Amino acid sequence: MYSRIAGTGSYLPRKVLTNHDLAKMVDTSDEWIFARTGIRERHVATDNEVASDLALAAGQRAIANSDLVPADIDLIIVATTTPDMVFPSTACILQSKLGIRGCPAFDVQAVCSGFVYAITIADMFIVSGRAKNALIVGAEVYSRILDWTDRTTCVLFGDGAGAMVLSVSQEPGVLAAKLHADGGYAEKLCVPGWICGGKTIGSPFVQMDGGSVFKFAVGAFEEVAREVLEAAKMSVADIDWFIPHQANIRIMEATARKLELPLERLISTVEHHGNTSAASIPLALDEAVNAGQIKRGENLLLEGVGGGFTWGGVLLRY
Ligand code: ACO
């Protein structure tokens, strides 16, 4: 028994913030941002849009594209770093907005690796017979945890949601998955705030040592790619499409070069989305599916690296 992608969906808030818009807010420029990151613009949620709203729109599209209805969903996992509330989970809120009840629903907090973690968990539910149709969503409103006066971080991120339905199948879908974490790097990329006595203690904004993240990410992406390929007894030549977490075009291209994977097989949406953390992989996947780039039967390598540090890869047949 396998788990296989039945359908995908995504949603981007309507408001677009370009690099030129940002240059009016902080001391930066389109040239600097594009040269260092490959980002030109990102979408930003309105004040009354929360992660579960974005997740709902993406999730409904994924369910419809799977020829299913919400009542068919028997597991919901939301990967998010920017939940609606401290609790209940965004997955529970999404379940209610979908008009269903009873199935397990929970959030995964693995920052930018969240979606890769979520697929791996859903795959285990499905192959063990505990679920038939899992809705997996990456949904983020990073605009809420950015210091819009800090040019070193606010230019990098965006809001959005991507989703997939992973269903039980006789045909191979998920072929191999590997997850990792090393909490020794917690301070390199974090939001070091918490809530106590009705107040936020510490900083509620993203803090990052960009150089360390960059170096670590390229190494981790390469290492985990080789790990999943070995587990599936496949080689780089078998990868039709490489869909890494969309943090920065330089990280993505450096990884492809290390793997000797032609850049034509790298799916990149970072130019128009920015870094949408847990949402970036399913957003890129859905765009490539809709553009007719990715076709049934092709092999996809999805990879995430994020705060924690966490990292992981999933190799699957679409
Ligand atoms: N506009 C203009 N100048 C800027 C900006 C900006 N937005 N941000 C920083 N600078 C300045 C710095 O202050 C510095 O000036 P100084 O030399 O006078 O001190 C100069 O530009 C160079 O700064 P660096 O930090 O050395 O720039 P670098 O080439 O390392 O690029 C970047 C920074 C883009 C953040 C890079 O380190 C990077 O991409 N890191 C990866 C981070 C990332 O992708 N994080 C996402 C989350 S993690 C994940 O998703 C995997």
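None of these values were measured; they are calculated from a predicted model. Whatever order the structure lists them in is the order used to number ligands and atoms, beginning at 1.
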Chemist: Please confirm whether the backbone N or O of Asp84 pairs with a side-chain atom of Thr90, one donor and one acceptor, at under 3.5 Å?
Modeler: yes
Chemist: For atom 44 (O) of ligand 1, which protein heavy atom lies nearest, and how many Å away is it?
Modeler: Ala247 CB, 3.7 Å
Chemist: Has the side chain of Asp107 got a donor or acceptor atom that lies under 3.5 Å from a matching backbone atom of Ala79?
Modeler: no
Chemist: Can you tell me which portion of Asn275 lies within the under-4.0 Å heavy-atom range of ligand 1? Options are side chain, backbone, both, or neither.
Modeler: side chain
Chemist: Any salt bridge linking Arg40 with Asp30? Criterion: basic side-chain nitrogen under 4.0 Å from a carboxylate oxygen.
Modeler: yes
Chemist: Checking a contact table here: which protein heavy atom is nearest atom 12 (C) of ligand 1, and how many Å away?
Modeler: Arg151 NH2, 3.9 Å
Chemist: Does some non-hydrogen atom of the protein lie less than 4.0 angstrom from atom 39 (O) of ligand 1?
Modeler: yes
Chemist: Using a 4.0 Å heavy-atom cut-off, say whether Thr152 meets ligand 1 through its side chain, its backbone, both or neither.
Modeler: both
Chemist: Considering both backbone and side-chain atoms of His245, is one of its nitrogen or oxygen atoms within less than 3.5 Å of a nitrogen or oxygen in ligand 1?
Modeler: yes
Chemist: So if I count the atoms of ligand 1 from 1 in the order they appear, which ones are less than 4.0 Å from some heavy atom of Met208?
Modeler: 35 (C), 42 (C), 43 (C), 45 (N), 46 (C)
Chemist: For Gln293, does the CD atom have more than 12 heavy-atom neighbours from other residues, nucleotides or ligands under 6.0 Å away?
Modeler: yes
Chemist: Could you tell me if the side chain of Glu140 sits less than 4.5 Å from the side chain of Ser277, heavy atoms only?
Modeler: yes
Chemist: Is there a protein heavy atom at a distance of less than 4.0 Å from atom 14 (C) of ligand 1?
Modeler: no
Chemist: Distance under 4.0 Å to a non-hydrogen atom of Val155: what atoms of ligand 1 satisfy this?
Modeler: 7 (N)
Chemist: Please state which protein non-hydrogen atom is closest to atom 10 (N) of ligand 1 and give its distance, to 0.1 Å?
Modeler: Trp32 CZ2, 3.4 Å
Chemist: Linking I/L/V/M/F/W/Y whenever their side-chain heavy atoms sit closer than 4.5 Å, directly or via other members, would Ile5 and Ile267 fall into one cluster?
Modeler: yes
Chemist: Would you please classify the geometry between the Phe242 ring and the Phe221 ring as parallel, tilted or perpendicular, with 30° and 60° separating the classes?
Modeler: perpendicular
Chemist: Among all protein non-hydrogen atoms, which one is nearest to atom 51 (C) of ligand 1, and what is the separation to 0.1 Å?
Modeler: Val305 O, 3.3 Å
Chemist: Between ligand 1 and Gly210, is the shortest N or O to N or O distance under 3.5 Å?
Modeler: yes
Chemist: Crowded around Phe214 CZ? As in, over 12 foreign heavy atoms under 6.0 Å?
Modeler: yes
Chemist: Please tell me whether Trp241 and Tyr318 form a close aromatic pair, meaning their ring centres lie under 6.0 Å apart.
Modeler: no
Chemist: I need the contact type for Val26 against ligand 1. Using non-hydrogen atoms and a strict under-4.0 Å cut-off, is it side chain, backbone, both or neither?
Modeler: neither
Chemist: Testing Val116, Asp182, Leu179 for side-chain contact (heavy atoms from CB on, under 4.5 Å) with Trp311, which one passes?
Modeler: Asp182
Chemist: At the 4.0 Å heavy-atom cut-off, does Gly211 count as touching ligand 1?
Modeler: yes
Chemist: Any side-chain to backbone donor/acceptor pair from Tyr117 onto His180? Under 3.5 Å, distance only.
Modeler: yes
Chemist: Counting from 1, what ligand 1 atoms have a heavy atom of Arg36 closer than 4.0 Å?
Modeler: 22 (C), 27 (O), 28 (P), 29 (O), 31 (O), 34 (C)
Chemist: Heavy-atom pairs closer than 4.0 Å: do any link ligand 1 to the side chain of Thr28, the backbone, both, or neither?
Modeler: both
Chemist: Indicate whether atom 17 (O) of ligand 1 is within a distance of less than 4.0 angstrom of some protein heavy atom.
Modeler: no
Chemist: What is the closest protein heavy atom to atom 36 (C) of ligand 1, and at what distance does it sit?
Modeler: Arg250 NH2, 4.0 Å
Chemist: Please tell me if atom 25 (O) of ligand 1 is touched by the protein, where touching means a protein heavy-atom distance below 4.0 Å.
Modeler: no
Chemist: Can you establish whether the number of heavy atoms outside Lys132 located under 6.0 Å from its atom NZ is more than 12?
Modeler: no
Chemist: Between Cys112 and ligand 1, which part of the residue brings a heavy atom under 4.0 Å of the ligand: side chain, backbone, both or neither?
Modeler: side chain
